[in-house]
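Here is the structure we will look at, set down as structure tokens.
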Amino acid sequence: MSTLAVSEEHVPATTAKVVQPAWVRALHWTNAVAMVLMITSGWQIYNASPLFGFSFPPQITLGGWLGGALLWHFAAMWLLMVNGLIYLALGFATGRFRKKLLPITPGGVIADTRAALTFKLSHDDLSKYNSVQKLLYAGIIVVGIVIVLSGLSMWKPVQLYWLSMLFGGYDIARYVHFICMAAIVGFMVVHVALALLVPKSLRAMIIGR
Ligand code: HEM
């Protein structure tokens with residue numbers, strides 16, 4: 001019998017069809033759609049007044065022009081924020097964050113990084129995250145919160161002046177917002193690459209397809 005634990009709880013193998021509960025998957029894919037809309041419209045906003053010496057190719061931006069991109073950005077923002085708030089509320093309420101993401105210790109992260117680099121990282125139990133995964137997943141949640149807060153501080157710099165000041169003003173908030181976007185895009189590239197690289201046979205055992 002397979003030793004793979006395929007769900008959060010120790011449920012009988014017959015019912016253990018999925019790795020993640022349905023609510024996590026629904027919120028994850030909604031977040032993915034919202035993120036793609038936010039990133040591509042954000043790139044169009046950036047192109048109107050680049051912070052650095054480059055622009056994003058128009059083919060991978062959304063909105064057509066600054067005004068159109070801002071409309072997309074502020075529309076998708078609601079999807080992102082409502083979805084994100086439900087995710088955070090359920091993550092804490094169900095104890096999922098505590099169970100899946102804690103503890104994160106420096107020793108564990110160093111040991112698992114070393115094991116990963118020498119191809120000795122165990123993939124026996126995919127329901128449990130290793131320390132590097134825990135750090136990255138917890139880290140990207142924090143980045144997600146910072147990008148929303150810096151975005152809000154730029155959206156309503158007068159009403160939310162205290163938030164703007166917390167970031168050191170509008171101009172610095174812009175850089176923080178951009179750096180968070182770069183971190184999210186980097187995370188997404190690795191995340192998608194790893195999802196595709198997990199052998200199909202292993203995936204079939206886990207999700208029954
Ligand atoms: C509640 C969520 C968000 C709000 C309220 C928000 C708001 C804003 C605002 C007001 C701007 C224009 C800043 C300016 O140039 O003056 C902006 C730009 C931008 N946003 Fe967002 N944003 C949010 C989330 C996101 C997310 C999730 C991403 C991508 C992952 C993102 C990516 C960008 C990018 C790349 C820019 C262009 C950066 C620049 O050149 O200033 N935003 N956002």
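Values below: every heavy atom of this structure, side chains too, minus hydrogens, waters and symmetry copies. By convention here, the first residue in the shown sequence is residue 1. Read the numbers this way: they start at 1 and go in the same order the structure lists the ligands and their atoms. Predicted model only: the values in this text are computed from it and were never measured.
- In this structure, the protein non-hydrogen atom closest to atom 28 (C) of ligand 1 is I147 CD1, 3.4 Å.
- Taking both residues in full, the closest heavy atoms of A76 and M38 are given as CB-SD, 3.5 Å, listed atom of the first, atom of the second, then distance.
- Residue nearest to atom 35 (C) of ligand 1, selected from A48, G42, G151, P50: G42 (by heavy-atom distance).
- Looking only at heavy atoms of the protein, atom 30 (C) of ligand 1 is closest to I39 CG1, 3.4 Å.
- The backbone N or O of S41 lies less than 3.5 Å from no partner atom in the side chain of T61, so there is not a single donor-acceptor pair.
- The closest protein non-hydrogen atom to atom 12 (C) of ligand 1 is I45 CG2, 3.9 Å.
- Comparing heavy-atom distances from atom 2 (C) of ligand 1 across V148, V176, L152 singles out V148 as nearest.
- Proximity to L80 (heavy-atom distance under 4.0 Å) selects the following atoms of ligand 1: 27 (C).
- For K134 and Y129, the positive end is not near the middle of the six-membered ring at less than 6.0 Å and at most 45° from its axis.
- Rounded to the nearest 0.5 Å, atoms NE2 (H177) and CD1 (I172) are 15.5 Å apart.
- Across the listed options M81, H73, M77, K156, H73 owns the non-hydrogen atom lying nearest to atom 8 (C) of ligand 1.
- The protein heavy-atom contact nearest to atom 16 (O) of ligand 1 is Y170 OH, 2.4 Å.
- In M81, the CE atom is crowded: over 12 heavy atoms of neighbouring residues, nucleotides or ligands sit closer than 6.0 Å.
- Of all the heavy atoms in S55 and Y46, the pair that sits closest is CA-CE2, 4.1 Å.
- The residue from M154, H177, M38, R174 that puts a heavy atom closest to atom 21 (Fe) of ligand 1 is H177.
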